[in-house]
Amino acid sequence: QKLQEQLPFYQQFAETLREQQEAEKQATYRQIQRQFAEKHEQQATINKLLNQMQTVQNLYSEVNGLRDEYRRSKAAYDKLKTTAEQQEQAFFAAQAGWLAQKLQPNTPCPVCGSREHPHPAMLSEQAPSQEQLKQSQEQHRTATEKLTAICTKGDERKKLWEREQENCRLLCQEQLTPDFLTALNYPPSAQPLSDLPTEQLKPVLTDLQQQLTQQLRALQQQAEQLGVRTTQDSINLAALAAETAAWQEKAANLKLQAEK
């Protein structure tokens, strides 16, 4: 009978304990959600910086490619220019020979008017025809237009590369603040992280990105242990892991290029 009387008390105690445990679980989950949001924002910031660096790297590669193309086109242009000038000189030098072939005795020379032609000019067998001269001049003109187009595009892409490089520098200074790096548990250094050259900064950011992915995965596991699952809108770890792997590969390639 005494136990019967105490039963409501124990039931109330058990209910209170369950409510307390549920409240603690919800509080822990809300804390996990806040950490999720914070680290997801950090991840987005690093991705933004890495994307800007990749844009700069792509433009740099394009500018170098155009520089190589210019050198090849300039060599072809110089060769065609020399050929066109030589053929033009040979063509006009041969005019006297062509006129001499038409001279007749006691007939005035169309150039000097003399009726005597003791030493008529000889026509060179290597003299180009007018059609050959025209073809040579056309090839030279085409090479000139191509070279001009490459120069114009090269100047435009170089200016864009310099502009994006400056944007990248300013973005790094704006985002890689001491507070941001402290939140990532990045150890302080004598040289600000934003002052590092791209080939050194990019691998550092890739490593930080990987650390964030691991931390996000651990938070997801904690949430699952609480009996709840983070939503797809909160974080997509599979996508982040794939993106991190891609950036790691790009960083490794960049390091190899720098060593070469």
*Asks:* State the CD-CD distance between Gln165 and Gln52, to the nearest 0.5 angstrom.
*Replies:*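 That separation rounds to 10.5 Å.
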*Asks:* Side chains of His40 and Phe36, heavy atoms from C-beta outward: is any pair under 4.5 Å?
*Replies:* no
*Asks:* To check you understand the geometry: which heavy-atom pair defines the closest contact between Leu59 and Arg157, and what is its length?
*Replies:*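 Nearest pair, atom of Leu59 first, then Arg157: CD2-NH2, 3.4 Å.
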*Asks:* Applying the side-chain hydrogen bond (donor to acceptor under 3.5 Å, both in side chains) test to Arg141, which of Gln137, Glu145, Gln139 qualifies?
*Replies:* Glu145
*Asks:* I would like to know whether Thr82 and Gln86 meet side-chain contact (heavy atoms from CB on, under 4.5 Å); could you show each step before the answer?
*Replies:* CA-CA 6 Å; Thr82 300; Gln86 290 175 346; 3.5 Å; yes
*Asks:* So that I can tick it off, tell me whether Arg72 and Glu69 are bridged by a salt bridge, with the cut-off set at under 4.0 angstrom between side-chain N and carboxylate O.
*Replies:* no
*Asks:* Would Asp68 and Arg71 pass as an ion pair if we require N to O under 4.0 Å?
*Replies:*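 So Asp68 pairs with Arg71 through a salt bridge.
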*Asks:* Are the side chains of Glu62 and Lys153 in contact, using a 4.5 Å heavy-atom criterion?
*Replies:* yes
*Asks:* Determine whether Glu174 and Ser194 satisfy the following criterion, side-chain hydrogen bond (donor to acceptor under 3.5 Å, both in side chains), listing intermediate values before the conclusion.
*Replies:* CA-CA 9 Å; Glu174 177 186 342; Ser194 58; over 6 Å; no
*Asks:* With a sphere of 6.0 Å drawn around CZ of Phe180, does it hold more than 12 non-hydrogen atoms of other residues, nucleotides or ligands?
*Replies:* yes
*Asks:* Looking at CD of Gln173 and SG of Cys168, how far apart are the two atoms once the value is rounded to the nearest 0.5 Å?
*Replies:* 10.5 Å
*Asks:* Identify the two heavy atoms, one from Leu176 and one from Leu181, that lie closest to each other, and give their separation to 0.1 Å.
*Replies:*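 What the structure gives for the nearest pair is O-CD1, 4.1 Å.
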*Asks:* Taking atom CG of Leu205 and atom CD of Gln175, what is their separation to the nearest 0.5 Å?
*Replies:* 11.0 Å
*Asks:* What distance do Cys151 atom SG and Leu66 atom CG have between them, rounded to the nearest 0.5 Å?
*Replies:*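 Going from SG on Cys151 over to CG on Leu66, the span is 10.0 Å.
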*Asks:* Please name the pair of heavy atoms, one in Leu50 and one in Gln209, separated by the smallest distance, quoted to 0.1 Å.
*Replies:*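 Minimum heavy-atom separation between Leu50 and Gln209: CD1-NE2, 3.9 Å.
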*Asks:* Do the side chains of Leu49 and Tyr186 join up, straight or via other hydrophobic residues, at under 4.5 Å, putting them in one cluster?
*Replies:*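 Yes: a chain of side-chain contacts under 4.5 Å links Leu49 to Tyr186.
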*Asks:* Would you tell me whether Lys202 and Gln54 have side-chain atoms, one donor and one acceptor, within less than 3.5 Å of each other?
*Replies:*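 Checked: Lys202/Gln54 side chains pair up, N/O donor to acceptor below 3.5 Å.
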*Asks:* Just checking, is any N or O donor in the side chain of Gln132 or Gln87 under 3.5 Å from an acceptor N or O on the other one?
*Replies:* no
*Asks:* Please report the interatomic distance OG1(Thr206) to CD(Gln210), rounded to the nearest 0.5 Å.
*Replies:*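 The distance works out to 9.0 Å.
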*Asks:* Can you get from Ile150 to Val63 by hopping between Ile, Leu, Val, Met, Phe, Trp and Tyr side chains that sit under 4.5 Å apart?
*Replies:* no
*Asks:* Hey, are Glu38 and Arg34 close enough for a salt bridge, meaning a charged N less than 4.0 Å from a carboxylate O?
*Replies:*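 The answer is no: the pair does not qualify as a salt bridge.
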*Asks:* State, with a plain yes or no, whether a side-chain heavy atom of Pro192 is found less than 4.5 Å away from one of Asp195.
*Replies:* yes
*Asks:* When clusters are formed by joining ILVMFWY residues with side-chain heavy atoms under 4.5 Å apart, either directly or through shared neighbours, do Tyr60 and Leu201 land in the same one?
*Replies:*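 Cluster IDs for Tyr60 and Leu201 differ.
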*Asks:* Under a 3.5 Å threshold, yes or no: a donor from one side chain and an acceptor from the other, between Gln222 and Thr28?
*Replies:* no
*Asks:* Hey, what do you get for CD (Gln211) to CG (Leu184), rounding to the nearest 0.5 Å?
*Replies:* 8.0 Å
*Asks:* Find out if a path of hydrophobic residues (ILVMFWY) with successive side-chain heavy-atom gaps under 4.5 Å connects Val204 to Ile46.
*Replies:*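 Same hydrophobic cluster.
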*Asks:* How far apart are the closest heavy atoms of Thr198 and Pro203, and which atoms are they?
*Replies:*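 Smallest heavy-atom distance, with atoms named: O-CD, 4.2 Å.
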*Asks:* Any ion pair linking Arg169 and Glu166 (charged N to carboxylate O, less than 4.0 Å)?
*Replies:*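 Yes, this pair counts.
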*Asks:* Give the minimum heavy-atom separation between Leu219 and Gln35, together with the two atoms involved.
*Replies:* CD2-OE1, 2.9 Å
*Asks:* What about Trp161 and Met53, same hydrophobic cluster or not, with Ile/Leu/Val/Met/Phe/Trp/Tyr joined at side-chain heavy-atom distances under 4.5 Å?
*Replies:* no
*Asks:* Is there a side-chain contact between Arg163 and Asn167 (heavy atoms, below 4.5 Å)?
*Replies:*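 Result yes, sub-4.5 Å side-chain heavy-atom pair found.
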*Asks:* Can a salt bridge be assigned to the pair Glu138 and Lys134 using a cut-off of 4.0 Å between side-chain N and carboxylate O?
*Replies:*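 The answer is no: the pair does not qualify as a salt bridge.
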